[in-house]
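Contents: one structure, followed by commentary.
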Amino acid sequence: ITIRMNLSLINTQKLFIALVSLFLSTVSLAQSSDQQQRDTLSSRGNTKELKRAALSLVPSSYMIQYAGSIGLLSAGAGWDYGKQKQWSTDFLMGYVPKYDTDRAKLTMTIRQSYTPWTVQLHEQLSYHPLRTGIYLNTTLGKQFWYKEPDKYPSSYYKFSTRLRINIFVGQDFSYKFKSSTSYFEGLKFYYDLHTSDLYLISGIQNKYLKFDDYIGLALGIKFQIRRK
């Protein structure tokens with residue numbers, strides 16, 4: 001009887017140890033699976049963040065512009081951002097014909113725009129009653145300079161011939177395509193009234209100048225890229 005009781009006790013201990021081992025291995029497996037799932041979700045989240053960051057570097061629009069003191073014709077790319085896409089940063093390259101000079105010229109422009117209000121005219125058509133901002137423009141060429149050369153008397157030229165600071169105000173209309181698969185999401189037609197630091201001061205100092213002597217008009221089209 002004593003032997004049987006000892007065997008029974010040993011078997012019970014073995015069974016207990018086996019159950020504890022099974023429980024611990026199950027918990028360990030569950031924790032491992034849970035950690036793998038968290039790692040997978042974290043990896044997916046990191047991938048999404050990387051995709052979102054990479055997508056933010058890709059332009060959200062392309063544009064063509066006529067006039068605007070940045071060239072007869074200019075073209076470039078832009079990035080729209082903000083909750084309502086009310087902010088826009090554009091980079092443009094412009095072409096200036098030679099006219100009565102020796103050669104044609106190229107310009108570079110970086111522009112910051114702000115459109116605070118949107119009026120929805122139709123399901124596909126919207127109107128921005130105010131479009132305003134600032135842009136910096138430079139003309140490429142050795143004959144232009146940021147600081148006057150030594151051959152000129154000090155302060156002979158008070159403005160740089162290479163860099164112009166411009167302000168503008170205008171409006172635009174946006175048309176959204178019905179297709180949900182096209183590369184372009186829509187078109188934006190805009191116009192701007194603009195002036196530069198040089199023209200603005202000249203207009204203030206010289207009363208004989210007319211409004212259209214220091215205020216210019218620019219017309220442009222933006223091709224909005226569909227974000228996927």
Are the side chains of Asp192 and Val169 in touch, meaning some heavy atoms are under 4.5 Å apart?
-> no
Taking Thr107 for the side chain and Thr139 for the main chain, is one N or O donor matched with an acceptor at less than 3.5 Å?
-> no
Is there a donor-acceptor contact under 3.5 Å from the side chain of Gln224 to the main chain of Arg226?
-> no
Heavy-atom donor-acceptor pair, Ser60 side chain to Asp80 backbone, under 3.5 Å | yes
Are Leu121 and Val119 close enough that some pair of their side-chain heavy atoms sits under 4.5 Å apart?
-> yes
Between Asn206 and Ser202, is there a donor-acceptor pair closer than 3.5 Å when you use the side chain of the first and the backbone of the second?
-> yes
Trp87 and Trp117: same hydrophobic cluster, using ILVMFWY side-chain contacts below 4.5 Å?
-> no
Is Tyr199 linked to Leu193 within one hydrophobic cluster, defined over Ile, Leu, Val, Met, Phe, Trp and Tyr using a side-chain heavy-atom separation of less than 4.5 Å?
-> yes
Are Tyr135 and Ile70 side-chain neighbours, meaning at least one heavy-atom pair lies under 4.5 Å?
-> yes
Should we say atom CG of Asp102 is surrounded by more than 12 heavy atoms from elsewhere, each under 6.0 Å from it?
-> no
Between Tyr81 and Ser88, is any side-chain donor less than 3.5 angstrom from a side-chain acceptor?
-> no
If you look at every heavy atom in Ala67 and Leu217, which pair is closest and at what distance?
-> CB-O, 3.5 Å
Got a sec: does the CD of Gln84 have more than 12 other heavy atoms crowding it under 6.0 Å?
-> no
What closest approach, in Å, do Gly203 and Tyr214 show between heavy atoms, and which atom pair accounts for it?
-> CA-CD2, 3.8 Å
Would you kindly confirm whether Leu130 and Ile134 end up in one hydrophobic cluster when ILVMFWY residues are joined by side chain heavy atoms under 4.5 Å apart?
-> no
Going by atom types only, do Thr101 and Lys105 share a side-chain donor-acceptor pair under 3.5 Å?
-> yes
Donor on one side chain, acceptor on other, His194 and Asn166, under 3.5 Å = no
Is there a side-chain contact between Leu73 and Gln65, using heavy atoms and a 4.5 Å cut-off?
-> no
ILVMFWY cluster, Leu140 and Val96 together (side-chain gap under 4.5 Å) = no
Interatomic distance, Ser74 atom OG to Leu106 atom CG [nearest 0.5 angstrom] | 11.5 Å
Decide whether Met63 and Phe189 are clustered together by the hydrophobic rule: side chain heavy atoms of Ile, Leu, Val, Met, Phe, Trp, Tyr closer than 4.5 Å, transitively.
-> no
Please report the closest heavy-atom contact between His128 and Ser174, naming both atoms and the distance.
-> CE1-OG, 3.9 Å
Any chance you could measure Leu163, atom CG, to Ile165, atom CD1, to the nearest 0.5 Å?
-> 5.5 Å
Would one find more than 12 heavy atoms of other residues, nucleotides or ligands at under 6.0 Å from atom OH of Tyr66?
-> no
What's the spacing between Asp172 CG and Thr118 OG1 if we round to 0.5 Å?
-> 8.5 Å
Give the intermediate values and the outcome of side-chain contact (heavy atoms from CB on, under 4.5 Å) for residues Tyr175 and His122.
-> CA-CA 9 Å; Tyr175 180 79; His122 185 267; over 6 Å; no
Heavy-atom closest pair (Tyr190 atom, Ile64 atom, distance to 0.1 Å) is OH-O, 4.3 Å
Check for a donor-acceptor pair, side chain of Gln86 on one end and backbone N or O of Pro116 on the other, with a separation under 3.5 Å.
-> no
All heavy atoms of Gln120 vs all of Leu125, minimum pair found to be NE2-O, 3.5 Å
Is any side-chain heavy atom of Gln171 less than 4.5 Å from a side-chain heavy atom of Tyr127?
-> yes
Go through Leu187 and Phe223 one step at a time and tell me if the side-chain contact (heavy atoms from CB on, under 4.5 Å) criterion holds.
-> CA-CA 5 Å; Leu187 296 175; Phe223 303 88; 3.2 Å; yes
More than 12 foreign heavy atoms under 6.0 Å from OH of Tyr99: is that the case here?
-> yes
Nearest 0.5 Å, what's the CD-NZ distance between Glu185 and Lys176?
-> 5.0 Å
How about Ile221 and Lys188: do any of their side-chain heavy atoms sit closer than 4.5 Å?
-> no
Once you round to the nearest 0.5 Å, how far does CD1 of Ile204 lie from CD1 of Ile201?
-> 7.0 Å
Measure the shortest side-chain to side-chain distance between Tyr183 and Ile225 over non-hydrogen atoms and say whether it is less than 4.5 angstrom.
-> yes
Is there a donor-acceptor pair under 3.5 Å between the side chain of Thr109 and the backbone N or O of Asn137?
-> no
Determine the minimum heavy-atom distance between Ala218 and Gly68, stating which atoms define it.
-> CB-CA, 3.6 Å
Which word best sums up how the rings of Phe184 and Tyr62 line up, parallel for under 30°, tilted for 30 to 60°, or perpendicular for over 60°?
-> perpendicular
Report yes or no: does Arg131 contribute a side-chain atom to a donor-acceptor pair with the main-chain N or O of Tyr191 at less than 3.5 Å?
-> no
Can we say Asp90 and Lys222 salt-bridge, meaning some charged N sits less than 4.0 Å from an Asp/Glu carboxylate O?
-> yes
